[in-house]
Enquirer: 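My structure is below; once you've seen it, I'll send some questions.
Counting starts at 1 for both ligands and their atoms, in listed order.
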Amino acid sequence: MKVLVIGGGAREHALCRSLSLDPDVNALYCAPGNAGIAEVAELRPVDALDGAAVARLATELEADLVVVGPEAPLVAGVSDAVRAAGIPVFGPSAEAAQLEGSKAFAKDVMAAADVPTARSYVCTTPEEVDTALDAFGAPYVVKDDGLAAGKGVVVTEDRAAARAHALGCDRVVIEEYLDGPEVSLFAITDGVTVLPLQPAQDFKRALDGDEGPNTGGMGAYSPLPWADPKLVDEVMETVLQPTVDELRHRGTPFSGLLYAGLAITSRGVRVIEFNARFGDPETQVVLARLRTPLAGVLLHAANGTLDTEPPLRWSADAAVTVVIASHNYPETPRTGDPIEGLAEVAAEDGPDTYVLHAGTRREGEAVVSAGGRVLSVTATGSDLAQAREKAYKAVARIRLDGSQHRTDIAAKAAEGR
Ligand code: AMP
Ligand code: GLY
């Protein structure tokens, strides 16, 4: 099978790594990719937001499957363009990707499907904003309706800050604050059949102890030893299957990766958000544990034949990933700094510890930083404590001037807290 992956972050590196290990994959391309992905896939330049260009590239490469990684191309209709060219694509249509592209749309789908989520108001005027803020009280949760690359959500005790964020958006969702640990649960679906993956937890704040600004994610781990073993079944029944059914009934079936961001509250599981793609950095730990070869599952989802796929097989190992971010991330990340130590990790740390590249590029012989999140160091071990130790050992080998990482990824869970 010839597979083309669209995107160039750590999620796409994790996808390409898994696909490169799949014996059914005999040619693997990534567009545009990054310096790390180049080691497992052949890179092609492309404007990932240009559906016609992606479809042309897929046709030229005679791809049997196109996997669209990030949300922006999905919302821009890249999957639709590839599908129209007659090539199977893993990734929802632009209409179904509105589940991530518009928080108001997602709320409407959840209301129709009876999916548990925070109570909310959609506001377009200052009066509506004030009414909603007063209705819920502090802490205030204010979400830009559209795609904002992780920067659209403000959670604050400060009413003036909440109001200012709301008035800076054309349309906002203001909602009830949800208390409790967060879980990311992904499912692969063809629009009818839903195959859940294993849950993971992401660390969204920049600093240890969940302090500092929200980021795209600073680390993740899986499995979740503290979670109820029935969690996946419950979320399948109350969230994933009803959402997939609702979108199909609307005539806009969702096929691809449905990402449920959940809060485990004292009153039960609630959806915080949906995404229409694999999450980053959770994908790094979830795919590290997946034993079923990936390409066939994604192709079945693309072709609408997921009902023929047996349940996914998982490793009993635990996985931890730690993100290394650039100086000044997330505000104004500095780029262009050389990265050293990558060869040492590859030479010294064994096959269960590896570096996935997020924002990197090659400059002659050197690999330099090219984004806010630069690398994601992933390790598996017999339990979370061992996976953590291996991941942090590799993190310590990597040198990037001014870089930052959290030191407490999976720490509480590894200690049984
Ligand atoms: P989102 O972009 O929707 O994932 O939101 C970013 C982060 O804001 C989430 O991971 C949560 O930590 C927090 N958040 C979003 N919605 C809520 C909510 N209703 N209650 C509490 N925290 C929330
Ligand atoms: N890890 C959060 C996200 O991918 O949106």
Side-chain angles (χ1 to χ4, degrees), residues 7 9-12 14-15 69-72 74-75 97 99-107 110 115-122 132-133 135-157 162 165-166 169 172-186 197 199-206 210-222 257-267 269-287 321-323 325 330 356 358 372-373 376 406 409:
R11 162 189 43 222
E12 287 75 32
L15 286 164
E71 62 275 19
L74 293 166
V75 169
L99 206 54
E100 173 166 3
S102 165
K103 308 256 184 210
F105 177 80
K107 285 290 183 188
M110 284 189 269
V115 169
T117 184
R119 290 178 295 125
S120 65
Y121 291 98
V122 180
L133 292 175
F136 295 125
Y140 302 100
V141 182
V142 180
K143 302 185 170 184
D144 193 339
D145 180 49
L147 278 189
K151 292 179 186 128
V153 177
V154 166
V155 180
T156 177
E157 296 280 341
H165 180 60
C169 307
V172 282
V173 172
I174 294 179
E175 68 180 31
E176 169 193 18
Y177 178 78
L178 299 174
D179 209 356
E182 289 180 37
V183 172
S184 301
L185 183 62
F186 304 162
L197 307 190
Q201 190 172 50
D202 172 20
F203 293 76
K204 287 235 168 73
R205 300 288 186 143
D210 293 329
E211 304 283 341
N214 249 322
T215 71
M218 295 299 290
Y221 68 94
S222 176
L257 194 289
L258 177 57
Y259 168 136
L262 307 162
I264 315 295
T265 76
S266 52
R267 287 158 50 234
V269 173
R270 299 281 184 278
V271 174
I272 292 184
E273 62 162 347
F274 283 126
N275 291 319
R277 37 113 192 136
F278 282 97
D280 186 350
E282 299 96 309
T283 302
Q284 288 87 306
V285 288
V286 171
L287 292 185
T321 195
V322 179
V323 170
L356 298 169
R373 287 186 293 176
S376 176
R406 280 183 63 159
I409 303 301

Enquirer: Distance-only, no hydrogens or angles: does the Gln201 side chain make a donor-acceptor pair with backbone N or O of Glu182 under 3.5 Å?
Expert: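 Such a contact is found between Gln201 side chain and Glu182 backbone.
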
Enquirer: Is it true that, when you exclude Phe105 itself, more than 12 heavy atoms of the residues, nucleotides or ligands shown sit nearer than 6.0 Å to its CZ?
Expert: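 Enclosed: over 12 neighbouring heavy atoms sit under 6.0 Å from CZ of Phe105.
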
Enquirer: I need the Thr156 OG1 to His165 NE2 distance, nearest 0.5 Å.
Expert: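 The OG1 atom of Thr156 sits 11.0 Å away from the NE2 atom of His165.
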
Enquirer: Counting from 1, what ligand 1 atoms have a heavy atom of Tyr177 closer than 4.0 Å?
Expert: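 With Tyr177 as reference, the close atoms of ligand 1 come out as 20 (N), 21 (C).
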
Enquirer: With no hydrogens and no angle check, is any side-chain donor or acceptor of Lys107 less than 3.5 Å from a backbone partner on Ala118?
Expert: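 Confirmed, Lys107 side chain pairs with Ala118 backbone.
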
Enquirer: Against heavy atoms of Val141, which atoms of ligand 1 measure under 4.0 Å?
Expert: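 With Val141 as reference, the close atoms of ligand 1 come out as 16 (N), 17 (C), 18 (C), 19 (N), 20 (N).
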
Enquirer: Who are the side chain to side chain contact (heavy atoms under 4.5 Å, CB included) partners of Val285, not counting sequence neighbours?
Expert: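 Listed in chain order: Ala200, Ala220, Ser222, Ala319, Thr321.
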
Enquirer: Regarding ligand 1, does Val155 bring an N or O atom to under 3.5 Å of one of the ligand's N or O atoms?
Expert: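 Among all N and O atoms of Val155, none is under 3.5 Å from an N or O of ligand 1.
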
Enquirer: Give the atoms of ligand 1, by number and element, whose distance to some non-hydrogen atom of Glu175 is under 4.0 Å.
Expert: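 Those of ligand 1 that fall under 4.0 Å from Glu175 are 16 (N), 17 (C), 18 (C), 19 (N).
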
Enquirer: Counting only heavy atoms and a distance below 4.0 Å, can you name the residues contacting ligand 2?
Expert: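 For ligand 2, the residues that come within the 4.0 Å heavy-atom cutoff are Asp202, Lys204, Gly216, Tyr259, Asn275, Arg277, Gly279, Asp280, Pro281, Glu282.
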
Enquirer: Determine whether the side chain, the backbone, both or neither of Leu178 has a heavy atom under 4.0 Å from any heavy atom of ligand 1.
Expert: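 Contact part for Leu178 vs ligand 1: both backbone and side chain.
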
Enquirer: Can you list the residues that meet the side-chain hydrogen bond (donor to acceptor under 3.5 Å, both in side chains) rule with Glu12, with sequence neighbours excluded?
Expert: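 side-chain hydrogen bond (donor to acceptor under 3.5 Å, both in side chains) check on Glu12 returns nothing, list empty.
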
Enquirer: Would you mind listing which atoms of ligand 1 come within a distance below 4.0 Å of any non-hydrogen atom of Glu273?
Expert: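 Counting from 1, the qualifying ligand atoms are 1 (P), 2 (O), 3 (O), 4 (O).
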
Enquirer: With heavy atoms under 4.0 Å as the rule, classify the contact between Lys143 and ligand 1 as side chain, backbone, both or neither.
Expert: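 Contact part for Lys143 vs ligand 1: side chain (C-beta onward).
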
Enquirer: Tell me, do Lys103 and Glu175 make a side-chain contact under 4.5 Å, heavy atoms counted?
Expert: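 SC-SC contact between Lys103 and Glu175 ruled out.
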
Enquirer: Using 30° and 60° as the class boundaries, would you call the ring planes of Phe186 and Phe278 parallel, tilted or perpendicular?
Expert: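 Plane angle over 60°, so perpendicular.
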
Enquirer: Can Arg406 and Asp210 be counted as an ion pair, charged N to O under 4.0 angstrom?
Expert: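 Result for this pair is yes, salt bridge flagged.
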
Enquirer: For Asp202, give me all partners under side-chain hydrogen bond (donor to acceptor under 3.5 Å, both in side chains), at least two apart in sequence or on another chain.
Expert: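 Counting only residues at least two positions away or on another chain, Asp202 forms no side-chain hydrogen bond (donor to acceptor under 3.5 Å, both in side chains).
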
Enquirer: Which of the atoms in ligand 1, numbered in the order shown and given with their element, are less than 4.0 Å from a heavy-atom of Ile272?
Expert: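 Ligand 1 atoms under the 4.0 Å threshold to Ile272: 15 (C), 16 (N).
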
Enquirer: Checking Asp145 against Ser102: is there a side-chain donor and acceptor pair closer than 3.5 Å?
Expert: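 Result is yes, a qualifying pair exists.
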
Enquirer: Heavy atom of Arg270 under 4.0 Å from ligand 1?
Expert: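 Under 4.0 Å: no for Arg270.
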
Enquirer: Going by the atom numbers of ligand 1, which of them fall below 4.0 Å from some non-hydrogen atom of Glu182?
Expert: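 With Glu182 as reference, the close atoms of ligand 1 come out as 9 (C), 10 (O), 11 (C), 12 (O).
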
